[in-house]
Amino acid sequence: MIKERNTIFSLGQFIWSGFDYIGEPTPYHTKNAYFGSIDTATFKKDSYFLYQSAWTDYKKAPMIHIFPY
């Protein structure tokens, strides 16, 4: 991702849904769609921190997130 991010023609990255939402469920036995980087209670998921680390300048705003194992 870093290589594509540093090109002059890249404006950013598109995420279909930033938040989880009710509707279009996967798997189909639930009501919620779990595609977002932030859940329905506005808690940040691991993917949120992955995008933050890729798109934030670590010299200006260093960050660390430990993924659960």
For Phe67, give me all partners under ring-ring contact (aromatic ring centres under 6.0 Å, His included), at least two apart in sequence or on another chain. His65
Could you work out, with side chain to side chain donor-acceptor pair (under 3.5 Å) as the rule, every residue matching Thr40, not counting sequence neighbours? none
Please go through Ile66's hydrophobic cluster and name the other residues, only I, L, V, M, F, W, Y counting, with side-chain heavy atoms under 4.5 Å joining them. none
Could you list the cluster mates of Ile38? Members are the ILVMFWY residues connected by side-chain heavy atoms closer than 4.5 Å, either directly or through other members. Phe19, Tyr48, Phe49, Met63
Non-hydrogen atoms of Ser47 and Gly36 that approach each other most closely: OG-O, 4.2 Å
I'd like to know if the side chain of Thr56 and the backbone of Ser53 have a donor-acceptor N/O pair within less than 3.5 Å. no
Residue pairs passing the salt bridge (charged side-chain N to carboxylate O under 4.0 Å, His left out) test where at least one lies in residues 44-57, sequence neighbours excluded: Asp20-Lys45
Taking side-chain contact (heavy atoms from CB on, under 4.5 Å) as the test, write out the residues that go with Ala41, two or more places apart. Asp39, Phe43
